[in-house]
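Pasting a structure below so you can have a look.
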Amino acid sequence: MLFKLKELTKKSNKLLLLSFDWTRPKDPPMSLGQASLVAKLHQENIPVIDKSWAVNSKQFRVEDAFRFVMAYAGEKVDLAMGAYVWHEPHTQALLAALKRENFPGRIILGGPQVTYTKQNLESYYPQADIFIRGYGEDALARLFLSTSGRPPIAGVHYAGEPDLGLSANIALDQLPSPYLTGIIKPQPFIRWETQRGCPFQCAFCQHRESDSNVMKRRQLGYARVMEETQWILDNPIIQDIAVLDPVFNSGPHYMAILRQLIAGGYSGKIALQCRIEMVKDEFLEAISILNQTAKVVLEFGLQTIHSNEAKIIQRPNNMQKVKQVLLETRARNIATEVSLIFGLPGQTLSSFKESIAFCKDYGVPTIYAYPLMLLRGTPLHAAKESLQLVESSDIDLQIDRLQQGIPHVISSPTFSYEDWCAMAEMAETLDQYNAKAGGVRDKKASPKMRATLESTFLWQAREQQKNLQ
Ligand code: SF4
C-alpha cells in the first residue's frame, strides 16, 4: 500500500494532546498517563492543550472530539493521542473524520495499540503521520522540539518510511512527577505508579513484550517516589490509592514505600497489584502494620489453578506458594482480591469451576473472573488459529460486547459457546459471593454479562494504563 507523505518539515506552534479514557466516577479528571505526558511537555516548555473524554460516558460523542480538534486547525497545531483497545472504534472514527476534513497538522499516535503492532502500522491507522512505540514522554517532546520534520528518534516511525519496529528510550528517573508539579492535584482518589513494565511474560498480556526495552521493569527515581509518598501523607484528602505497578512487590523500593506510609500513618485505602510467588514475610508483616491505620488491598492475578492452562498462557503458578500466601493473608485479615480468566485455551467449564472453588475454599473475599481477549501483539493473539480459538467477531452473535467492537474468545476445542456463556454467568454471580464474603461488590451490576464486560474494560483500562504512553 502506498502512503502519501504529509509535509512534515514545518514546526507547529502547539500540541493538542487528546485522551480517550475509560473511567469510573471517582477517577481524577486526567489520567495518570496523560498527566505524565503533560508534565514532561511543560518541563520542556512545549505549549500543550490537553483534553480528556470519558468514552464510557453516555454523553460522549466522537464528534465533540472532532470539533475540538478542528477548532485549532488554523493555528499550526499537531495532534497527539494514545490508542487503546477500549476506544479503538472512536480513534478510527476521529482519525477518519480528520483526514476527510484535511486536518493540516501532524497526527501522532502512541499507546499500546501502536506499541504492540509490530508491523504495518499504516494499514491500521492510515491517517496517522507519526507513530511512537513505547513510553512516549521523551520521544514526543523530542519530536516536537526538533526543527526537522522527521528527526530520527528511536521508537518513532514515520508513515511510509521503513519501520525499524523499535521502542522509545526513556529515562524514567528523570521524568517529572505529575503530582509534585501540580498537574494532578490532591483529591480523594488517585492512581499512582512507582515503576513500569513487568518482568513476567504472560502470553495474553500486552506487557509481555519481545522488545526488552518495553518489557523490562523499570523504577521511577527513588527520590521522586519517596517525595510522592510524602506528598500523599501531607495531603490527607487522599484516601484511596490505586497503584498501577504491574507487580508492586518487586524491585528495590517497595518496602521503603511501605515503611514511609507506616511512619506517616497513612489512613486511606491502597490497592497493590502483587505477584503471589514474590510475597515475602516481611512484606506481609509491613502490610499488617500499615493496616493498623490504613486499608490495604492485595490484588493477585491467578488466572487459573490448572497447570495445563497456565502453561499455554505462560503463566505458571506455584500452587504451594499460592496456598500458603492465601492462608497467611487470611490469618492476618488482609483484604485480597484474586482474578481469574475464563475462555483460556485448554480450559473447560469444569476446570473453570474448580478455579473458582479453589479461591472460595481458601477464603478469598473478592474473586473476579474476566473473559479472555486476544490483544494485538500478544503471543496468544498470534496463536489464535493454531489453538483454534474463536472470537466473538468471527460469528454472528447478539451480545452487548459486540457493540463495543472488542472481540472475546468465546469457544475453543475444549469449551463451546454455551460453556462460555455458563462461565460468563458464573463470573457474574461472583459479585454476590463477594458481597457475602465481605469483599468488593460492584454496585453498578447490571443485566446479564454487562457487569462482567464492563469490569473487563476497566481491567483493560487499568492494564493498559500501567503502560503509560
Ligand atoms: S499479566 Fe501481570 S504478571 Fe503477567 S505479564 Fe501482564 S502485567 Fe506481568
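Numbering starts at 1 and runs along the sequence shown. Counting starts at 1 for both ligands and their atoms, following the listed order.
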Flag the pair D173 and R224 as a salt bridge only when some basic side-chain nitrogen lies within less than 4.0 angstrom of an acidic carboxylate oxygen.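 Salt bridge flag = no for R224 with D173.
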Could you give all pairs that pass the ring-ring contact (aromatic ring centres under 6.0 Å, His included) test and reach residues 279-321, with sequence neighbours left out?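 Listed once each, the pairs are Y254-F283.
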For ligand 1, which atoms have a heavy atom of P246 less than 4.0 angstrom away?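 Those atoms are 7 (S).
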Taking only residues two or more places apart in sequence or in another chain, which ones pass salt bridge (Lys or Arg N to Asp or Glu O under 4.0 Å) with D163?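 If we apply the salt bridge (Lys or Arg N to Asp or Glu O under 4.0 Å) test to D163, skipping adjacent residues, the hits are R133.
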For R315, the ligand 1 atoms whose distance to one of its heavy atoms is below 4.0 Å: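 Ligand 1 atoms under the 4.0 Å threshold to R315: 1 (S), 3 (S), 4 (Fe).
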Salt bridge or not between R142 and E44? Use side-chain N to carboxylate O under 4.0 Å.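 No, R142 and E44 are not salt-bridged.
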Could you tell me which atoms of ligand 1, counted from 1 in the order shown, lie closer than 4.0 angstrom to a heavy atom of C198?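 With C198 as reference, the close atoms of ligand 1 come out as 3 (S), 5 (S), 7 (S), 8 (Fe).
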